[in-house]
Amino acid sequence: MMFDKQDALAENDAELQPFLDAKDIVKSYGGVQALKGVSLALRAGEVHGLVGANGAGKSTFIKILAGLTRADSGDLWIDGEDVVVMTPHHAAELGMNFIHQELAFIPDMTVMENIMLGLPKKTRLGLVDWKAIAANIQPVAERVGLKVPLTAKAKTLSTAEIWLVNICRALVRKARLIVMDEPTASLSASEAERLFAIIEDLSRSGVAVLYVSHRLDEILRLCHRVTAFRDGAAVARFEGDGLTRPALVEAIVGGDLHPIPADKRVNHDLGTVALTVRGVARLPMVKGVDFDLHHGEVLGIGGLVGAGRSELARLIYGVDRVDAGEMKLKGQPFAPRSPSEAVKAGLGLVPEERRSEALLLTKSVAFNMQLSNLAGIVRNPVLPLIDRNRRRSQTEAVVRDLAVKTPGIETPVGQLSGGNQQKVVIGRWLLRRPGVLILDEPTRGVDVGARGEIHRLIRDLAAQGMAVLVISSEPDELPDLCDRVLVMVEGRIARELHGDHLNRNAIIQASYAHAS
Amino acid sequence: MSEMTAGNRRLSARSKARLGFFARYATIIGLVAMIVLFSVLSPKAFPTVLNFTNVLNQASLTMIIAAGLTMAVIVGELDLSIGFAASLHGILVTGLIVSNELPIPVAIVIVIGAGALVGLLNGLVVTKLKVNSVIATLGVGTILTGLAFAYSAGVPIVRGVPDAFLDISLGRWVFGIPNNILIMASVVAFLWLLVERTSIGQEIQAVGGNPAAARLAGISVDRIKILGFIISGMCAALTGILLASRLGSGTASAADSYLLTAFAAVFLGSATLRDGEFHIVGTIIGALIIAFGFNGLNIFGAPTFSQYVLQGAILIIAVGLSSLGRSIAES
Amino acid sequence: MSEMTAGNRRLSARSKARLGFFARYATIIGLVAMIVLFSVLSPKAFPTVLNFTNVLNQASLTMIIAAGLTMAVIVGELDLSIGFAASLHGILVTGLIVSNELPIPVAIVIVIGAGALVGLLNGLVVTKLKVNSVIATLGVGTILTGLAFAYSAGVPIVRGVPDAFLDISLGRWVFGIPNNILIMASVVAFLWLLVERTSIGQEIQAVGGNPAAARLAGISVDRIKILGFIISGMCAALTGILLASRLGSGTASAADSYLLTAFAAVFLGSATLRDGEFHIVGTIIGALIIAFGFNGLNIFGAPTFSQYVLQGAILIIAVGLSSLGRSIAES
Amino acid sequence: QAGERLLGIVSIAANEANNVRYIEGARAAAAEDGWEVSVIDAAGSADQANAAIQNFANRGAAAVIDMVFPYSSIGAGLAAADSAGIPVVTWGGGLGRTVASTNGSGAPIALPVIEKLIDDLGQGGSLLALTYRTGEVCRDRELLLDELLKSRPDISVTKNEVRIPGYLEDGAQYTNAWLASHPEGAEPLAIWGCWDDPAIGGIGSLRQQGREDVLVYGVNGNAQALENIRRGHMTATAWEDSYAEGYDMVKRLDEIIKAGDAWEPKAAEVPAVLVTQDNIEKFLEEHPDAYGN
Ligand SMILES: Nc1ncnc2c1ncn2[C@@H]1O[C@H](COP(=O)(O)OP(=O)(O)OP(=O)(O)O)[C@@H](O)[C@H]1O
Ligand SMILES: Nc1ncnc2c1ncn2[C@@H]1O[C@H](COP(=O)(O)OP(=O)(O)OP(=O)(O)O)[C@@H](O)[C@H]1O
Ligand SMILES: [Mg+2]
Ligand SMILES: [Mg+2]
């Protein structure tokens, strides 16, 4: 199903006036200049890629389009008219639709209600006619491959399913421009495929798409044109033959940094067993899992979204209770009844959802980083006053090591870009240094440069004897990073891959082992 | 405690489902159980049509003000002004009828309009001045108390209240059902339809469920919040009017004590049927539990101190059973 | 409104920074402005050391109970039981001293222990029974009212209250500063240190900010919440003791009215310095605004009704200025 | 104890001392006359008082006593009792609508103490009156005070309204503010509470400031007031013999029931006793029960 990008664009080339023309947009937050005067034009039917390192200003630009925040200066022309987008409602009226990086939905409402949110609804005698609406939505839901019933509550859905709900919403609205901020971050390969098909479809029917992603393969494949942001400025524009991977990487990282693949497998010999997992189950998601995790090893868990990997991590970490099975930590029976017990026993977890599960957005970088390491910075356990110097020096060291882009350690973490927030969560466990560290999607939303750094960091931690378990839905990520990879399918380990058998295709194949 | 949960961890799926069902209906089951218990304890006086009608009649005012409050909490805000507002409106309506000699329907319409205005003020302070709703509505409530004093100098308006006004809450104009009950039922039915079946209701639920997401979906969050406060204010006004009609006078601070009762009903209700969500039906169940609890303990003639203790215990147990059942079922 | 914001959108970065500063300090600036205003209006009676000492002395009890409540709200819960609890503890302490003839310090320690127990009960109901804190603490508060009534049969304990007990709140044992002020200052200083400077305080803040994240970071969320309730309960007990000492008797419902005042102080305080976060210093500023507002209006001799109106307006304006300034600065 | 007639008592605040003594008096008489007594605490809410009266009507009570809620605010309750043919009497709730009898009315009780107050301020001076107009009892007392002060322009009055709950704290805060502009020694000063509790709140504030120049008056004579008089902090109060009032009222019920429709509604007051620092010891000897515990 290859798609001829040039063709689709040519059809719409006739319309010379761009749908959207942003000129010299400037935006600063306090002392931080998020955008330094960027310009960007989009034609109808165009799929426009937007790339850039974490904190480059991509989401800020989108928030201005969406009416979530207002530019300090600059002009926005839509269909040849100078506009200031006042509110999200206004943005929708102008024909723009958004699927934001941080997913927005109403947990207690049904799928159908979420899709229709903010849209005019068919009514009878003033009452909403849900039957008629369902009939309208159903085909759209099928088109995006949403398999849950329309009457299911949104809170019972997985992240991927929520994404599909958001995409449905954009389709139902019949937008002229759809902006997607890192849409594939939580989709499986097949779901991503379906999304690409939809994007191509939209493009053919004249809808413009602004596509933000750190995954350059997708960008190369989908986009007619690409703009690269760096430090709040649009530094390069690519189209046609100029649109190549090396050129994009160069533009994103600014040439001074070329991502090196992590130097993995320094230590081929597996260390002693850190964690033993036998028959661990919690229905319906986890149906009986066995594996050993060794010191000094990076063990990957691959598979499709929904395979139950996050749930497995939650069981090991004591968030949920197991129905059956046993675990051993360094040979001792291990049955944590809460995360705090798990942490005390020497575990750490970087959760999947950093905003809701890992961070206190209004609190400072230092506060967030030190949260699991408080015993390490008190003057004395009986009178647990915090040693503020130690707190500062420790935090600053980690911020430096991880190259977290932040004005200071007292900056609220919510003001950092997504990738930098992720680094803060990982930094937390650098301070605590647990024996076993579980990372659930550690590089989701992280730029190519930082991704390399995080990978190197993970390898370093393993080299120092930590046992590391990495969950990732990106088949590309695990082979580079891990010594071994377990592929999980429908709540069970379907395959173990290592050595020469450990590659992208093998992971994908194993992921679909039972599913098809 | 933790052992108990540990012991339960191998609960079969079936018993979990049963527990889940129980949890959903625990407050309702509690209400029924309470009614049965009091019927056994006071077989002559408690389980009579007359007594039940009385309890409902009595609870109607609480239900109206609590249903209004529910609208404010559904949009994610607290409204602490309702008790003070109801007191003021009770004085206002008697004042308009007695001193200004306005026809009763006109006075009522004006006062309900005044209630909407109070709600609008609350809403504007919360959404435009961005004042936390606790402070905003406490502030507005304090101002209203001052106004009530200014209007009546603190002296209840008793003399010259026409019988026609008292008849509003004492009458039984349709099928012999007390008017209060009919008025309450209409208000509740209207609000239920509004929230559950209309498109504004969808926006109201969305704003309460996740204001950021609602805003992103193009819903005007401020307008919906203001609407919630306005409805809450109008219900408070209606309660004040009916209370004045029932007491036969407009009295400063007569309705102040509705605040806590309404809160108890609303929060009790949030444990009913849905998990921690506020909704109109839940609020009504909550108000019934409180009303029948008070009535049953009264009729049984429990000593005063134990009435307090038992009322407190009823609140906690009704919600506790439901929450605990739910959390075990989901564990 | 939207036009206004549109007009402001090109505010220079510098004036934004100024506005942001103003917003942070708006409640404090408001407090100072209010004190200056009242000093001008009543130059002889208001701005005297004696009057300020009196206001502080009077407000000490509110501050202690509000500081305790702050701990409960920091961990993300409401504690509506504090007023009832303080009333009960006031009766209990006089009862222990008069009827059981316990030495005063022993009685005080026991009662503060009882306060901790009440907090523990609140905490267990909220975390283990998973009852919403509004219902849980309202329920426990109602039970406490019943217990207070059972203990004293409604009759205040007055006879035989020793002078030494009265001296606790009337005395000025150090540098001529009223004891109440010293006790309040120690409690506040202790809680401030606990929250802002210790590792437990970091956990307390984390639990309030995002309980899910705190839990995954390895913090025992339940234990921290229970701790918040316990401190709140102990502060309520201390307030009850000091109130009994001030009144010379233990009286049921003597302290019930502290609930609303404490809430107002806590929520006023959350607009101070930090944006909508609860913290001890903010609560103290909030309590001072309320206390000086009441005192100043009174000394100026404003009629009762306008006092209420102005008090309500002060609440709203103090928070409104700060929130509005902040939101413009951040837009 | 089947066969006993049910007497319903609706109390405004079951844990207020005077209320408690009234109920005790009523119980004593009830025991003699074969009544079974049931008390409901309406916790200050007129609406709950109405509900409680209706509940008593449902339970087949033979008579209902309404404590303190004014007849004007128990319309629905009176209607229910009337249609059930049950007499309702009030204590401090006045005589009106279908109320059969009343005692404990506000103004007559306050008379001796207000007279003493005006007497004590013979040279003129300033008075802080702590009032509560929402309550009929208090309002009547305030009117009486106004009436008697008409002839005394040399006394300047500051009035402040207290709240329920909150009367102690309000009393203290109003006193604080008032004291700030009424320094010691300038003129004779007095505080009057329309019942004892706000004045007791004021005493707390006086003692905190060490002011002993201010005369303090209350009404009702609750145990705290008596104790404060004994200790010399309060000047005078009018002791309401609520026990006797409760006792008398129950004794009158049979008469009312027997008379049926022929009954003429009437007030029958028990006179109040003026208690001062001079007669307190003697008073306490004569009325040990007034002192509580
Ligand atoms: N609310 C805010 N307050 C202060 N600074 C902010 C705020 N939002 C963003 N910033 C800053 O603006 C800059 C741009 O952030 P933005 O979120 O636009 O980056 P991004 O390109 O989307 O990054 P990512 O790929 O990590 O999502 C960053 O330096 C960030 O710290
Ligand atoms: N609270 C819940 N209630 C019911 N079902 C749920 C709930 N949360 C998740 N699920 C179901 O669990 C499935 C898997 O969730 P999840 O996406 O977290 O799995 P995963 O294998 O960890 O994937 P990944 O880590 O890649 O996101 C989804 O299909 C979803 O329907
Ligand atoms: Mg971004
Ligand atoms: Mg997952």
Side-chain angles (χ1 to χ4, degrees), chain C residues 42 44-46 48 50-51 53-55 57-59 61-62 83 87 95 98-99 145 148-149 152-161 163 166 169-170 172 178 180 243 246-249 251-261 291 294-301 303-305 307-308, chain D residues 11 13-21 23-24 41 43-44 131 133 158-183 197 200-201 203-205 207-211 222-228 230-231 233 284 288-289 291-293:
Chain C
S42 315
K44 282 201 209 116
F46 183 80
T48 66
L50 184 70
N51 188 43
T53 315
N54 278 333
V55 172
N57 192 343
Q58 192 68 36
L61 273 58
T62 309
S87 294
V98 174
S99 313
T145 304
F149 189 63
S152 71
V155 182
I157 299 166
V158 280
R159 198 168 8 185
V161 179
D163 282 343
L166 304 188
S169 79
L170 293 178
R172 302 178 175 226
N180 283 345
L243 185 66
R246 182 144 86 186
L247 297 176
S249 67
T251 314
S253 84
D256 289 8
S257 66
Y258 280 110
L259 178 62
L260 273 191
T261 317
F294 190 96
N295 179 264
L297 286 172
N298 224 272
I299 288 187
F300 179 58
T304 306
F305 85 87
Q307 287 188 22
Y308 284 117
Chain D
S11 117
N15 45 16
E16 197 277 322
N18 249 10
N19 286 253
V20 171
R21 276 195 297 120
I23 294 170
E24 279 169 6
D41 182 14
T131 60
R133 291 190 184 154
T158 306
K159 282 188 185 175
N160 280 123
E161 278 278 302
V162 300
R163 287 167 290 185
I164 295 181
Y167 40 80
L168 291 168
E169 185 74 9
D170 282 356
Q173 295 209 21
Y174 285 130
T175 303
N176 259 342
W178 184 75
L179 287 177
S181 40
H182 292 86
D197 284 332
I200 289 166
I203 290 172
S205 160
R207 300 196 57 206
Q208 253 170 24
Q209 303 193 26
R211 293 280 294 260
N222 70 29
Q224 277 163 293
L226 298 175
E227 173 73 4
N228 273 297
R230 207 178 62 77
R231 286 172 177 260
H233 304 316
L284 289 177
D289 57 306
Y291 208 15
N293 45 71

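Letters A, B, ... mirror the listed sequences (proteins, then strands); counts begin at 1. FYI, side chains are in, hydrogens and waters are out, and symmetry mates aren't considered; it's all heavy atoms of this structure.
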Task: Which portion of C:N295 sits near chain D, non-hydrogen atoms under 4.5 angstrom - done: both
TODO: Let me know if C:L166 has heavy atoms under 4.5 Å from chain D in its side chain, its backbone, both or neither.
DONE: side chain
Task: Taking every non-hydrogen atom, the tightest pair across D:D41 and D:S11 - done: OD1-O, 3.5 Å
Open item on the list: Quick check on the interface: out of C:L243, C:T48, C:V161, C:N180, who has the most heavy-atom pairs with chain D under 4.5 Å?
Closed with: C:V161
- [ ] Could you tell me which of D:L226, D:N160, D:T158, D:D170 has the largest number of non-hydrogen atom pairs under 4.5 Å with chain C?
- [x] D:N160
Task: Most contacts with chain D, counted as non-hydrogen pairs under 4.5 angstrom, among C:S169, C:A45, C:G83, C:S99 - done: C:A45
Open item on the list: How close do C:P178 and C:N57 get, counting heavy atoms only, and between which atoms?
Closed with: CB-ND2, 3.4 Å
Open item on the list: For the CZ atom of C:F46 and the CG atom of C:N298, what is their distance to the nearest 0.5 Å?
Closed with: 11.0 Å
Open item on the list: Please report the interatomic distance OG1(D:T175) to CD(D:Q208), rounded to the nearest 0.5 Å.
Closed with: 11.0 Å
Open item on the list: At a heavy-atom distance under 4.5 Å, which candidate from C:Q307, C:R172, C:K44, C:Q58 has the highest pair count against chain D?
Closed with: C:Q58
Open item on the list: With a 4.5 angstrom heavy-atom cut-off, is it the side chain or the backbone of D:R231 that approaches chain C, or both, or neither?
Closed with: side chain
- [ ] Search all heavy atoms of D:V162 against all heavy atoms of D:G171 and return the closest pair with its distance.
- [x] CG1-N, 4.3 Å
Task: Proximity breakdown for C:T62 and chain D, heavy-atom pairs closer than 4.5 Å - done: side chain
TODO: Identify which part of C:F305 has an atom lying under 4.5 Å from any heavy atom of chain D, answering side chain, backbone, both or neither.
DONE: neither
- [ ] Please determine if D:R21 and D:E24 form a salt bridge, counting it only when a charged side-chain N lies under 4.0 Å from a carboxylate O.
- [x] no
- [ ] Consider only side-chain N and O atoms of C:D256 and C:S87, and report whether a donor and an acceptor are under 3.5 Å apart.
- [x] yes
TODO: Could you verify whether a donor N or O on one side chain and an acceptor N or O on the other, from C:S257 and D:E169, lie under 3.5 Å apart?
DONE: no
TODO: Flag the one option from D:E227, D:H233, D:K159 with the top tally of heavy-atom pairs under 4.5 Å to chain C.
DONE: D:E227
Task: When D:G204, D:S181, D:A172, D:P183 are compared by non-hydrogen pairs under 4.5 Å with chain C, the top option - done: D:A172
